[in-house]
Amino acid sequence: VTPSDIGKYRRELKLKGLKATSVNHALNTLKAFYGWLRRSNGYPMNKPLPTDAIDLERQPEPEADHIDQDDLAQIWQVLEFEEKTAVRDRAIIAVLSHGLRASEASNLNVEHWNGKILKVNRSKGQNVSEVPLNREARQYLEAYLEWRQQQGGMFEPLPESPMFLAQDPKGAGKRLGYKGLHRMVKKLGRIAGIEDINPHRFRHTFGTEVTRRGVDPLFGKELMGIKSDRVFQRYTKGVFKQAAAEAYLKAIGEDEDEKN
């Protein structure tokens, strides 16, 4: 296998319409294989690997995807309406707003909550994280668990039972899965008139908030279940862009004009 062969393989992947991330995944797999082959004495140490000269595809830098304050206020206003799932939905949004992935929120059990801290089984990067909830979020979650206690039966909040339950006639009492949680958030967005809302944007918003409040990035990564600095920066980009703009306006003496 020659570098030319690897180059042809990459072109074929691109012709199939694969995205840059998928092409890079395939190339990194080849790089890892040849690296293993050399370490196992299956490839000459003094001979370049066929993957050495192959660069990865350039990927567009992801944009900040946090929810702005006006849209957040609109979402919480919608949640004030006493729909039959409002108590549950307020608790879910409160939990998502603390940086959990949708799958992690869906997989929570009642026993993972001790009244102040959630024990989160991470879907990526870590086994378990401890995430403290702020006062408002604690109140929403406790109100939901109290509602479940009042309902009793299939809704009784036993320690081993799922934290968030479906309430539709077909799935009542069963765990609210990822798709159900996603649909709930999308429905909120439609009612609030916010486009492109999804559970992951609350995670971006949490990353923005912890950075804005000066939380050490090491602690921010722990709270969000992230190991990589590069990945964490995806969630904090909005803060730096806003800070750069504010610093420029302040430098030219126009920041006071914006406030007035």
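A continuous path of hydrophobic side-chain contacts links Leu30 to Leu37 [ILVMFWY only; heavy atoms under 4.5 Å]. Linking Ile, Leu, Val, Met, Phe, Trp and Tyr whenever their side-chain heavy atoms come within less than 4.5 Å puts Phe219 and Met224 in one cluster. Follow the hydrophobic side-chain contacts under 4.5 Å out from Trp36 and you reach Ile6 in the same cluster. Met163 and Leu158 are not part of a single hydrophobic cluster, where members link through side-chain heavy atoms under 4.5 Å apart.
With rounding to the nearest 0.5 angstrom, the NE2 atom of His98 is 3.5 Å from the CG atom of Asn134. With rounding to the nearest 0.5 angstrom, the NZ atom of Lys116 is 13.0 Å from the CD atom of Glu142. Interatomic distance, CD of Gln139 versus CG of Leu133, reported as 11.5 Å (0.5 Å rounding). Rounded to the nearest 0.5 Å, atoms CD1 (Ile75) and CD1 (Ile67) are 4.5 Å apart. Taken from CG in Asp68 to OG1 in Thr205, the straight-line distance is 9.0 Å, to the nearest 0.5 Å. In this structure, Arg201 CZ and Asp71 CG are separated by 7.0 Å, a value rounded to the nearest 0.5 Å.
Taking 4.5 Å as the limit, some side-chain heavy atom of Phe164 sits within range of a side-chain heavy atom of Leu141. Leu165 is listed as a side-chain neighbour of Tyr144, based on a closest heavy-atom distance under 4.5 Å. Contact of the Val185 side chain with the Leu96 side chain is registered, since non-hydrogen atoms from C-beta on lie closer than 4.5 Å. Here the side chains of Ile191 and Phe81 are not in contact, with every heavy-atom distance at 4.5 Å or above. By the 4.5 Å heavy-atom criterion applied to side chains, Leu223 and Pro132 are counted as neighbours. The closest side-chain heavy-atom distance from Arg88 to Leu176 is below 4.5 Å. In this structure, the side chains of Ser97 and Phe206 stay at 4.5 Å or more apart for every pair of heavy atoms. Between Met184 and Thr85, the closest side-chain pair of non-hydrogen atoms is not below 4.5 Å.
Salt bridge status for Glu209 with Arg213: present, with a side-chain N to carboxylate O gap under 4.0 Å. Salt-bridge check for Glu104 with Arg122: passed, with a basic side-chain N closer than 4.0 Å to an acidic carboxylate O. Glu57 has a carboxylate O that lies under 4.0 Å from a charged side-chain N of Lys14, or vice versa, which qualifies the two as a salt bridge.
Nearest approach of Leu181 to Ala105, heavy atoms of both residues: CD1-CB, 4.1 Å. Pairing each heavy atom of Pro157 with each of Val110, the nearest pair is O-CG1, 3.8 Å. Shown here for Glu80 and Arg90, the closest heavy-atom pair between the two residues is CA-NH1, 4.0 Å. Between Tyr178 and Ser106, the shortest heavy-atom distance links the atoms N-OG, 3.6 Å. Across Ser129 and Gly225, no two heavy atoms sit closer than the pair OG-CA, 4.2 Å.
In this structure, His200 and His204 have perpendicular ring planes: the angle between them is above 60°, well past the 30° mark. Classification of the Tyr34-Tyr43 ring pair by plane angle, with boundaries at 30° and 60°, yields perpendicular.
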*Check against side chain to side chain contact (heavy atoms under 4.5 Å, CB included), Val23 and Leu56*: CA-CA 8 Å; Val23 173; Leu56 297 178; over 6 Å; no
*Going through the distances and angles, do Lys31 and Asp52 end up as a salt bridge (charged side-chain N to carboxylate O under 4.0 Å, His left out)?*
CA-CA 8 Å; Lys31 287 176 179 285; Asp52 284 347; over 6 Å; no
_Does Trp76 form a ring-ring contact (aromatic ring centres under 6.0 Å, His included) with Tyr140? I'd like the steps, not just the answer._
CA-CA 12 Å; Trp76 282 108; Tyr140 285 132; 5.1 Å; yes
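Screening Ile117, Val131, Asn121, Val128 for a side-chain contact (heavy atoms from CB on, under 4.5 Å) involving His112 leaves a single residue, Asn121. Partner of Leu188 under the side-chain contact (heavy atoms from CB on, under 4.5 Å) criterion, chosen from Ile93, Ile194, Ile92: Ile93.
Between Asn109 and Arg175, the side chains place a donor N or O and an acceptor N or O closer than 3.5 Å (distance only, hydrogens not considered). No hydrogens or angles considered: a donor-acceptor pair under 3.5 Å links the side chains of Asp5 and Thr2.
In Lys187, the NZ atom is not crowded: 12 or fewer heavy atoms of neighbouring residues, nucleotides or ligands sit closer than 6.0 Å. Environment of CD in Glu195: sparse, with no more than 12 heavy atoms of neighbouring residues, nucleotides or ligands closer than 6.0 Å.
Side chain of Arg148 to main chain of Phe155: a donor-acceptor pair is present (N/O by atom type, distance under 3.5 Å, no hydrogens or angles).
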